[in-house]
Amino acid sequence: MDNQGVLGIFSYIDVTINAVRKLKKEGFKNLRVFSPAPNHEIEHVMDEPESIVRFFTMFGAMLGAACGVGFTVLTSTDWPIQVSAKPIVSIPPYTVIIFELTILIGALSTLLGLLINSRLRKNAPKSMYDPRFSVDKFGIMVTCGRDNVKKVEEILNSQGAEEIKVDGI
Amino acid sequence: MRKRIKLLSVSVLTLVIFSGFYFFDNAESSSKGPAQPVRFSHRIHATDDQIPCEYCHSFVDVSPIPGIPSLKKCMGCHQHIVGRDVDYDFDGTTINIKSEIAKVRGYWERKEPIPWIKVNSMPGYVHFTHKRHIQRGFQCAQCHGDVASMNQVYPAERLNMGFCITCHTENAKDHEELAHLKDCLTCHY
Amino acid sequence: MSEQTSLTYAKVNEDVIRMLDKPTVKWLALFIPTLGIVGFGLFCFLYQVYTGLGVAGYRHPVFWGVYITDFVFWVGIAHSGTLISAILFLFRASFRISIYRIAEGMTVFAVLTAGLFPIIHLGRPWFFYWLFPYPNQRELWVNFKSPLLWDVFAVSTYLTVSSVFFFVGMIPDIAAIRDKVTEVPRKILYSILSLGWKGSNWEWLHYTRAYLYFAAFATPLVLSVHSVVSWDFAMADLPGWHTTIFAPYFVAGAIFSGLGMVISLTVPIRKIFHLEKYITLDNYDGMAKMIILTSMIVGYAYGTEFFMAWYSGSPYEWGQFYYRATGEYALFYWIMVACNVLIPIPLWFKSVRRNIKALFIISIFINIGMWFERFNIIVISLSRGFDPAAWGVYKPSWVELGITAGSFAWFFMFFLLFIKTLPSVSIAEMKEFLPVPRKEANHHG
Amino acid sequence: MSQEKKGGLKRRDFLKIIGVAGGTAAVTGACSPPVEQIIPYVIPPEGIIPGVPNWYASTCRECPAGCGIVVKNREGRAIKVEGNPKNPINAGGSCALGQAMLQGLYNPDRIRSPLIKNDTGRMQPAGWENAETALVEKLQEAMQKGSGSNIVFLSGHTPGSMGNLIDEWMTAIGGRHLSYETYAFEPLTEANRIVFGIDKIPTYNIDKTKYLLSFGADFLETWVSPTLYTRQFSEMHSYKDKSMGKFVYIDPRASLTGVNADEWVSIKPGTEAILALGIASAIVSGGMSANGAGPFGGLLSRYTPDKVSSMTDVPEETIKEIAREFSSMQPSLAIGGGVATTTTKATETLVAVNILNYVAGNIGQTIDFGNTLTLSDVSSFDDISSLVESMSNGEVDVLFVYNVNPAFTLPKSMGFEDAIDKVPFVVSFSSFMDETTEKANLVMPDNTTLESWGDFIPNESVHGLIQPVMTPIFNTKSTGDVIISVTGQLKGFENTFSQKDFYDYLRNAWKEVWTSSTGGGDFDSFWDKALEDGGIYKTTSPVPVSVSGDLSGVEFSEPEFQGDGDFYFMAYPSYRYYDGRGANKPWLQELPDALTTGVWDSWVEINTETAEKLGIKLGDYVRIESPQGAIETQAYVYPGMRPDTVAVMIGEGHTSYGRYAKDRGVNPITILPVAKDALSGGFAWFTTKVNISKTGKYTPFVQTQYTTSEEDRPMVGTVALSSLVSGELEQEHGEHEEPDFYPPVKHSSQYRWGMAIDLQKCTGCGACITACYAENNIPFVGKELVAKRRDMAWLRIERYFEKTDNKAGFDTRFLPMLCQQCGNAPCEPVCPVFATYHNPEGLNGMVYNRCVGTRYCSNNCTYKVRKFNWFSYKFPEPLNWQLNPDVTVRDKGVMEKCTFCIQRINYAKDQAKDNGRKVLDGELQTACQQTCASGAIEFGNLLDEESKVSKLSHDERGYKVLQSINTQPSITYLKKVKWDKA
């Protein structure tokens, strides 16, 4: 396919941010920014849509609660065994179970949400990743048409990228 | 992608483990029964000779234990019945009827009980009474299978708690009896 | 935080990952004996299973003893981990950053340890799975009205959630290690564990949100779990158990003991791995303040129990608490009061709070005191029930002590493995906290 | 039923039958059962249906009382002994000893075949042929010498065919038959001879009395006929229709009987006679006597209350009060002659008691000479001591020992052991290797009572039959058969006995009984009827007695005590071990003593103040020194002792007698002097003074209850008689429904099981505990585990000594505590696996095989009645044959507890179903209720308005223990009634 990936490596956050701004102005939308730690400025400048992990969380929690209710009530009515003078279905003790299941399934589906979401988009290829990103370097990966590669390289250079890698995706 | 597969497989695994308990708990009942010291054929006695079960298992309606016939009872008939000297296909193995009966007479002469091997075993710690079930009008076959058609007797049902409870639940006349029939202390004490 | 300004992104990686270098002789000298003690504990357990629970010191009417004490103790230890990592995260308390990873590890391992005891103390441990609601041919289910079943759910949930929390928090750091290490086996290991983390903005986006929700879940969970544990006792009608203050009382106690354990663990690590720059005096100061708070809550609870026992006018309640302070177990009772209420008092002074040695010693006493608190609540209450004819005194046997020792070793075994294989300080969060490298220094944050 | 009928199956057969009785399988973790064999009978015994119990009536021989028993038999194994309701002596009740008979039968230490002592002095197993020929030889020799009295047969009290057989045999071959009982009550006989001219022991009608005065007669424990008198006492002492009898006990020690009294009067040892006369004279002088002083006026005038008071340490007003009540509350009764008060002046004491009874006009009213006991026929102690003499003089060549253990029950100083060594040939018929049997040259083990034929005549009205309830377990032979076959082998005596065996002999004997009693009908039906009823029972009519005023030779003075010690030494008979014969039965060893709750050992009881003075604490070892020797044992500090008296229980301290009895505790008889009651010549037990000193050794005193106070908790309810009579209680009693957060539980419409326990009737004897052990396969655990409070008893009797203002200064209260089957049980909701739950009939179910052993239920149990299986307890062969196949044997790791004998409930319901009816009231009894001689326990269906239990559960005295916890128990306790007015 004809899409090319161009990676610029930076040492400073502010420089990176400016580069992103510039690229955006030039009309390159398909950007990916690497950073050693989560960073508000990057989030701000990229302004991606709000993460949908929260829906996983919510539905997981609801599912959990439902399981809790169903589980406790159904099992105790399946074979009603009298203990003490308590009713067969007595809600107060069951709330504990319901609560715990809410949390359990809620948390698990959040994990699921995280794993699914952060992999929904194709991640950068090996060649487009630099180990220093996990140390102290920042990176911008621009995906663009073969004819735009030169332009992107110029922008990155002008914005003070220390290294530039180009590779077919 | 790889991750999602991993996740899936993990959840499947857990499912398998849990349902494992389930299957472990109702493993299939072993089909062919144990080989008895004397190749006693229930088919010959119950079907061909039309002897009712209660004739030999005579305590079944008065005692929790149905009773295994005493050697004396066997000899009651086999004093006279020596058995035809013919081969008989006993579930694959060919036996000679006369020689099998001779074994019984041998035990009798030695005044030695026949060490039968128990076929239908209850799980431990349950007090089952044949008497009540027979008096309630259940047929032997309902738990023991069609023994009359078996040569070598084998357990037709796995007599586990699920088996009992299902039957108890189905046969309860009213709610009160159901409560009694599903009361632990009815069988466990 | 003054000391930390001297740190740079690169330095953080370097320092943290250095901790994962080849095990030193010192480390082995700790690890091998630990394994030995675990083995002994295992032997004790097998001996108990084979011979019968009688080898423990139980005697009518005291049917719970050291094992349940250990269970509650370890669950308690677990708590401050989640507290530090989750609750303080929500409150954005800065002093948590450098220690929360260790605290979280402690949580997971403590729950792993605690989870053993309900099984160890069973009369027929080989049937432990009957406590789980699984479909079976008997058509029998479990009794959801039993606090023990609440335990099963609470503890297993707690273990799951806290491990997930623990692991997710580490993904970016593991990625960092992956990028650093060269030897093939480790490389592969960390590559798998890092789940291909690259630190792209897209990953960070979901990651930070998910982490927030985990924290949001963990917070009520940590409060619920120890409440549930406390209800094992509060739901019973036994004098000394049957009281409404148990839930808050236990939670406070748990955090109290947990912080004690965190200090006892971090102090040596800080020393050995020269993490003074990371785990700073300010961190300890913050924890010490929380210890003061929780110690006061616990002390208040002790007082309340006595007041209510007297004020209720119930001969059973009063008999129980009078006995606690004066009976065969009085020594244990006063050890508890001393360790949990009196010894922490010096922490009111800043100089003490910032004195590592003093902190360490106090923290050790706190651990001891809290163990005895659980012992007293469980054993003394049981030994003096309603019926005077059924009063009896319980003494632990060597088997119980052996298994207890084993449980400590089991806990430290995991911990030692942890500090050698996983980042004990969160690299990413440290960086989040450090000034981001900039060209124009005057640029706003 | 003839022998074949209920015999038939050989031991090996029924060992295998046990395989069929799979119900007894233990709860273990096993998943798949191993290959199990079914062994059918070769020839089926008639009358035995596998799985269906048979009951055989017989007679108990654990003491001379001769209670009737019925024995439950399953697949040829005797599994439970119960009192025979038809027998007028015990009327269905039984004591702990009776319950424990089975552990005699199945005792692992039984002698399993004849033993012959070889030259090296070791016992060698032998066949019966050799044993009998050996005996025949020796007998021939001895008879050659023919000195007439060189052959002696020493037996226990055996009135009936066996006794006759022995007599006949001895007269035939020129020997002597002596019958020896440890507790022969000779003074009683003698006193009656002196006063009434009848040398017999009468039957006392305690049940008919309003006021009972006992001078050391421990009639609830060992005195004459404990079970009979327990029942009578409960009759007289229970509260009904607004009245209740009063019981005063006079003894230096508050025995179990003493603590059941409304007043315990501590008296100077040996001065009972003087007190009795004092009371009598007070009655006379107070003009309260029914028939005046009669011939005793002169005598009585010498015993003015003040004088008596100074001699007896009993306050004058107490004497007067007793006199007043004794004469006013008619009919009254005074009894005496307990072993522990048998001084050298025992007869005088009982004469005085008789005088007291005469003065109060009780003769013929509450004392029945129509139904006298055969116990007075035993040989006198003089005969026994002369026997010992002649033995040591080598005048005895052959000595037979049958059902007695003199080496243990006679004082060392009497020298029986040395004497028996001088006898060239000693034959023992004992089933156990006891102290005497160890000395034997030939042991011919008898069948135990439960394996043999025989009969027993305890008194005029009862002629009890003994039949084997199972085939002999070991290679033992009925002594009757031995005698008959041996005689047949003696030259010249081949035809002495025409009968072929003892069974034959017995039937012949009963032919006479038949003709004498009924005559009519044919013998076999008479015989079968007798077997069914356990004997024949006549009604006797009281014979009028006249009092002779001639008291020549009787002079009332204080007995002299030997030894220069500071403490009177009392060796009292144990209601658990009797004279020591019970000590080899684990059930009795583990049955907590009612007063001390001590087990598996003996102890010395010391008064509280005395102990303080000497610095002796509970558990300290104390050395007790008499001129005849010394014993060391643990101290039990007890307020119910006179400060100048110490007491040790008889029964422990065996040097032999099997693994359970050997080297356990001390035998106080060893330090007693050989003293005789001057007039009767009977052995005087209470004649020595001892010194006691701390040894410095201390071990914790092993008991099952470590507290003595109720700690201000409403455990044992008590109520003053006055408030009952006045009806106060009735007003305040009114039952009211507790409001509940939850809707009421749906129960079965058929049954709701409940129990009622009358604390006024309970004497604390503990027979119920042993019955529970027997019925429910409860393992005994031994002293070491009891020390860890791991005894497995489902039913315990709590005892409390509460400070009160009565004469004793304390009030003893017993509380039988078992699972209360709570309607709102704390144990149930906390079990994670439903192993314990509430069943439709109101029971608190316990499903052993579902239990995983979290033990939460016990922690939450308000009454702490749940027991946990810390180990897998073993029943050494053949004790395991006693196990009840209807009850699961629990294995390690599970909780267990009382379920109101659920197996009996289910059996009764099963029987009722067969007859298409509901279970009738009284048809179903729990094991504890069945055995309770005082009828303190009532059990039944609460839904049946007419049932005894539901009536009692609404009784004004009814209350629930720890009601305020709102556990809603199914057991209603009836408050103990306190006398607060004469």
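Here is how names work: the chains are called A, B, and so on, in the same order as the sequence lines, proteins then strands, and each is numbered from 1.
A distance-only check finds a donor-acceptor pair linking the side chain of B:Glu176 to the backbone of D:Ser749 [under 3.5 Å]. Here the side chain of D:Tyr848 pairs no donor or acceptor atom with the backbone of B:His188 at under 3.5 angstrom.
Taken to the nearest 0.5 Å, the CG atom of D:Asp886 stands 6.0 Å off from the OH atom of B:Tyr189. We find the SG-CG distance between B:Cys184 and D:Leu843 to be 12.0 Å, quoted to the nearest 0.5 Å. Taking CD1 of D:Ile48 as the reference point, atom CZ of B:Phe59 lies at 10.0 Å (rounded to 0.5 Å).
Residue contact with chain D, scored on non-hydrogen atoms closer than 4.5 Å, involves the backbone of B:Thr186 exclusively. With a 4.5 Å cut-off on non-hydrogen atoms, B:Pro69 touches chain D through its backbone but not through its side chain. Residue D:Phe834 does not touch chain B at all, counting heavy-atom pairs closer than 4.5 Å. Looking at B:Leu185, the atoms closer than 4.5 Å to chain D (heavy atoms on both sides) sit in the backbone and in the side chain alike. Residue B:Lys131 touches chain D through its side chain alone, counting heavy-atom pairs closer than 4.5 Å.
Shown are D:Ile902, D:Asn906, D:Thr888, D:Val887; of these, the side-chain contact (heavy atoms from CB on, under 4.5 Å) with B:His127 is made only by D:Thr888. Between D:Ile49 and the options B:Ser58, B:Ser63, B:Pro64, a side-chain contact (heavy atoms from CB on, under 4.5 Å) holds for only B:Ser63.
Crowding of D:Tyr742 atom OH: a count of heavy atoms from other residues, nucleotides or ligands under 6.0 Å exceeding 12. Heavy-atom contacts from other residues, nucleotides or ligands closer than 6.0 Å to NZ of B:Lys98 number 12 or fewer. For B:Gln142, the CD atom is densely surrounded, since the number of other residues' heavy atoms within 6.0 Å is greater than 12.
For the set D:Lys746, D:Gln903, D:Lys913, D:Glu896, the entry with the most heavy-atom pairs within less than 4.5 Å of chain B is D:Lys913. Interface check for chain B: of the options D:Thr899, D:Asp914, D:Asn776, the most heavy-atom pairs under 4.5 Å are formed by D:Asp914.
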Checklist entry - Passes side-chain contact (heavy atoms from CB on, under 4.5 Å), D:Glu841 versus B:Asp183? Steps please. => result CA-CA 10 Å; D:Glu841 295 171 0; B:Asp183 176 14; 5.7 Å; no

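Considering every non-hydrogen atom in both D:Pro840 and B:Ala179, the closest pair reads CG-O, 4.2 Å.
No side-chain heavy atom of D:Val52 sits less than 4.5 Å from a side-chain heavy atom of B:Val62. In this structure the side chain of B:Arg132 never reaches within 4.5 angstrom of the side chain of D:Lys909, judged on heavy atoms.
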